[in-house]
Amino acid sequence: MKEYLVPEKQSQDLKELGFDELCLFFHEDGDVCPIYHQCDITSDMVLAPLYQQAFRWFRNKYGFVSEIQTPDGKNGVWHPTIHKIYGFGNHYDNDGFNSYEEAELASIKKLIEIVKNG
């Protein structure tokens, strides 16, 4: 299940940016633990959102979307691109990644950086 969740470092960054959506898991000492009841959630917890939740949160709160383009057959790499919903231009240019999961994590990291830097 851990591979579907945003890693702890980026989850902490999301918390600092105001992420407070309901999650099924939280990070604790390098491990991922399930949240059994809503009352288990405390303010010092680092929630562990699904990647899908994090991408939706960036879209709804900040107006950024991430698109991961499939390998084109030439160099076989995945290319993430970040767009502002109502704006022009791409906010992320890269050389590509060897797997979809690497591109997904890179997109989350770049979205965090974009929001932190205004």
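- Cluster membership for Tyr100 and Val77, using ILVMFWY side-chain heavy atoms within less than 4.5 angstrom, is not shared.
- For the pair Gln10 (side chain) and Val6 (backbone), a donor-acceptor distance under 3.5 Å is absent.
- Within the model, atoms CZ of Phe64 and NZ of Lys84 stand 4.5 Å from one another, a figure rounded to the nearest 0.5 Å.
- Residues Tyr51 and Glu101 fail the side-chain proximity criterion, which asks for heavy atoms closer than 4.5 Å.
- Of the residues Leu111, Ile85, Leu17, the one that meets the side-chain contact (heavy atoms from CB on, under 4.5 Å) test with Tyr62 is Leu17.
- Here the straight-line distance linking atom CD of Glu102 with atom CD of Glu104 works out to 11.0 Å at 0.5 Å rounding.
- Grouping the Ile, Leu, Val, Met, Phe, Trp and Tyr side chains by contacts below 4.5 angstrom, directly or via other members, places Ile114 with Leu105.
- For the pair Phe55 and Ser66, the tightest heavy-atom approach, listed with the atom from each and the gap, is CE2-CB, 3.7 Å.
- Using a 4.5 Å cut-off on side-chain heavy atoms (C-beta onward), Gln12 and Glu8 make no contact.
- For the atom pair Ser43 OG and Met45 CE, the distance stands at 10.0 Å (nearest 0.5 Å).
- Of all heavy-atom pairs spanning Val115 and Phe58, the tightest one is CG2-CE2, 3.7 Å.
- Between Asp13 and Lys116, the shortest heavy-atom contact is OD1-NZ, 3.3 Å.
- Around atom CD of Glu67, more than 12 heavy atoms belonging to other residues, nucleotides or ligands sit under 6.0 Å away.
- Here Phe97 and Trp78 keep their ring centres 6.0 angstrom or further from each other.
- Residues Pro49 and Cys23 share a closest heavy-atom pair of CA-SG, 3.7 Å.
- For the atom pair Asn117 CG and Ile112 CD1, the distance stands at 11.5 Å (nearest 0.5 Å).
- Summarising the geometry, atom CG belonging to Leu14 is positioned 11.0 Å from atom CG belonging to Asp20; distances are rounded to the nearest 0.5 Å.
- Phe19 and Ile108 fall within a single hydrophobic cluster, where Ile, Leu, Val, Met, Phe, Trp and Tyr are joined by side-chain heavy atoms under 4.5 Å apart, directly or via other members.
- In the hydrophobic cluster analysis, where Ile, Leu, Val, Met, Phe, Trp and Tyr join through side-chain heavy atoms closer than 4.5 angstrom, Leu50 is grouped together with Val32.
- No donor-acceptor pair under 3.5 Å is formed between the side chain of Ser11 and the backbone N or O of Ala48.
- Lys110 and Glu113 are joined by a salt bridge, as a carboxylate oxygen and a charged side-chain nitrogen come within less than 4.0 angstrom of each other.
- Nearest heavy-atom pair, Lys2 versus Gly30, reported as atom, atom and distance to 0.1 Å: NZ-O, 3.2 Å.
- Nearest heavy atom pair, residue Gln53 against residue Leu22, reads NE2-O, 2.8 Å.
- If you take NZ on Lys15 and NE2 on His27, they are separated by 11.5 Å, rounding to the nearest 0.5 Å.
- Leu5 and Trp57 are members of different hydrophobic clusters when ILVMFWY side chains are connected at heavy-atom separations under 4.5 Å.
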